[in-house]
Structure formats: C-alpha cells, structure tokens
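Below: one structure, written as structure tokens.
Just the heavy atoms: all of them, side chains too, but no hydrogens, waters or symmetry mates, feed the values below. These numbers were taken from a predicted model, which means no experiment stands behind them.
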Amino acid sequence: MSSTSAHDPAASDTAAPASTGGRWRGPGRPPAGSEDKRERILNEAVALFGAHGYAGTSLADIAAAAEISKAGLLHHFASKEALFAQVLERRDREDRANLLGDEEFRDDPWRLLDAFTALVEHNTRHRELVAIYTATTPAVLAVEHPAHAWLAGHLADSIAQIEESLERGKAAGTVRPEAPSRLIARSVVALSDGLQIQWLCATTPDTAAARNVGTGMVDEMRLYVEDLKQRWRIG
C-alpha cells in the first residue's frame with residue numbers, strides 16, 4: 001500500500017509530465033481544474049479502466065489523463081487498488097440510486113425485474129462501465145485481486161435483492177408459491193452478465209466476433225423477464 005503522508009501538497013496541482021507516457025485527456029473532456037480533483041481522477045479512471053482494463057492501466061496513465069501529478073493522485077487515493085475499488089463502488093452506487101433503489105421494488109418483484117431490464121438498457125449507453133465490470137471477472141479466481149471482494153459482494157447482493165423480492169411477492173399473492181426464487185434470481189444475474197460479455201465482444205472495433213454474437217442486450221433481457229412473468233406471476 002502506498003503512503004502519501006510525506007508528499008508535497010503543491011504537487012497535487014501539477015500536471016503529470018509528458019514523459020510519464022500516460023494517456024492525455026481525450027477531446028470533449030472538461031479542462032483540468034473545472035471540476036473537483038477527486039471527481040476528475042475518478043472520471044478518468046472510469047474511462048481508462050473501461051478501455052484498457054485494470055492490468056492495462058497504470059496510475060501514471062490516470063494522473064496524466066487527469067492532468068495531475070502522480071503524487072497529487074496519491075493524495076486522494078492511496079493506491080491503484082484503492083482507486084479501482086472506488087470506481088467499482090461508484091458504479092454500483094449510481095446504478096442503485098438511479099434504477100434499482102426504489103423501496104417499492106422490495107415487495108414488487110415484477111417491477112424490480114423491469115428495472116433490471118432498464119438497467120441493461122442504461123448500460124448500453126455507458127460502455128466504459130460495462131467494460132470495467134466485465135474486466136473484474138478474472139477476480140473470481142483470485143482472492144487477492146483488488147476486485148474479488150467487491151465482485152463477490154456484488155453478485156450476492158444482486159441475487160439476494162431479486163430472491164427476497166420474489167419471496168415477498170409470494171407472501172403478497174403476486175408470485176406463484178412454487179416459483180424457485182433463488183434459481184430465478186441467479187438466472188437473471190447470469191443472463192445479464194453473459195449478455196454484457198457478448199455485447200462488448202461484438203462492439204469492439206475490428207472484432208473477430210461472428211454476426212450471431214451481436215446483441216442489443218435489452219431485447220433478450222426483456223424476453224426473459226416477460227417469460228418469467230407469464231410462468232410465475234399471479235394476477
């Protein structure tokens with residue numbers, strides 16, 4: 001873990017030099033200094049982790065893109081692992097705040113599943129966030145990976161949210177009592193994750209993916225949710 005206690009505070013305002021080899025801010029990004037430094041670092045980390053993955057992105061790359069020194073970056077985030085964790089947590093926090101956080105979903109699993117479909121549609125407009133999530137999949141095989149704990153918790157929380165809502169739906173009389181709540185929940189999460197992998201592969205420039213790999217994700221998720229409703233919904 002890197003320490004920042006002895007860094008020069010003035011360094012945090014100094015842009016990384018070109019010799020760092022970092023990737024500079026792309027066209028259309030706001031000029032350095034126009035937003036909070038921590039938020040600027042996070043925004044550039046999202047873009048770079050999404051484009052190049054965790055292993056393919058260095059702190060020097062992110063510092064250069066954010067037009068801040070590496071020491072300045074470490075003033076806000078103690079390590080690459082800490083920054084990556086914040087990127088992942090922000091992704092989940094925004095998803096839940098914008099699309100999955102409605103308390104009414106607790107008792108209405110069918111609205112919750114519609115919200116998952118809306119989340120899939122939302123993701124088609126945020127490819128970099130989908131890429132970051134998919135880039136965490138190797139973490140399932142390595143407990144020391146900085147994303148392992150986050151990914152394990154993310155999967156467990158997603159499954160639990162759907163399962164618990166289905167169980168409450170049974171109690172409310174809107175879900176057939178024999179519906180396999182956990183299996184349904186796991187299948188919804190698995191379908192979403194699998195569609196994202198196919199979509200990323202098919203939308204990568206100069207891809208080798210066959211035409212049948214191409215997916216818009218939304219139609220497939222909507223089709224599955226509608227099938228679940230027909231099979232297990234009451235009323």
(request) Run the numbers on I234 and V175 for side chain to side chain contact (heavy atoms under 4.5 Å, CB included), then give the verdict. (result) CA-CA 5 Å; I234 297 175; V175 178; 5.9 Å; no

(request) Would you please test Y133 and D193 for side-chain hydrogen bond (donor to acceptor under 3.5 Å, both in side chains) and show each step? (result) CA-CA 9 Å; Y133 177 74; D193 287 358; 2.9 Å; yes

(request) Decide yes or no on side-chain hydrogen bond (donor to acceptor under 3.5 Å, both in side chains) for E167 and S181, but give the supporting numbers first. (result) CA-CA 7 Å; E167 288 298 300; S181 299; 2.5 Å; yes

(message) Please determine whether side-chain hydrogen bond (donor to acceptor under 3.5 Å, both in side chains) holds for the pair R127 and T204, giving the CA-CA distance in whole Å, both sets of side-chain angles, and the decisive distance to 0.1 Å.
(response) CA-CA 10 Å; R127 192 177 192 276; T204 295; 3.2 Å; yes

(request) Go through K229 and D114 one step at a time and tell me if the salt bridge (charged side-chain N to carboxylate O under 4.0 Å, His left out) criterion holds. (result) CA-CA 10 Å; K229 290 178 180 178; D114 286 340; 2.8 Å; yes

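The two residues N123 and W199 make their nearest non-hydrogen contact at O-CH2, 3.8 Å. Annotation for A147 and A139: closest pair C-CB, 3.9 Å, computed over non-hydrogen atoms. In terms of heavy-atom proximity, T174 sits nearest to W110 at O-NE1, 3.1 Å. The shortest non-hydrogen separation linking R38 to D36 is N-OD2, 3.1 Å. When all heavy atoms of G169 and P109 are compared, the closest pair comes out as CA-CD, 4.2 Å. Minimum heavy-atom separation, I68 to L73: CD1-N, 4.2 Å.
Remark: the backbone N or O of A131 is not paired with any side-chain donor or acceptor of T134 at under 3.5 angstrom.
In summary, R222 and D227 do not engage in a salt bridge, as defined by a charged side-chain N under 4.0 Å from a carboxylate O. Look at R90 and E39 and you find a salt bridge, because one of the NZ, NE, NH1 or NH2 atoms lies within 4.0 Å of a carboxylate O, short of that distance.
Put simply, the residue from D219, V188, T117, L195 that forms a side chain to side chain contact (heavy atoms under 4.5 Å, CB included) with Y224 is V188.
Taking a 6.0 Å sphere around CZ of R231, one finds it holds 12 or fewer heavy atoms contributed by other residues, nucleotides or ligands. No more than 12 heavy atoms of other residues, nucleotides or ligands lie within 6.0 Å of CZ in R186, so this atom counts as exposed by the packing criterion.
Cluster membership check: V120 shares its hydrophobic cluster with L191, using side-chain heavy-atom separations under 4.5 Å among Ile, Leu, Val, Met, Phe, Trp and Tyr.
Put simply, the side chain of C201 reaches to within 4.5 Å of the side chain of T207, judged on heavy atoms.
Relative orientation of the H145 and Y54 rings is tilted, given thresholds of 30° and 60° on the angle between their planes.
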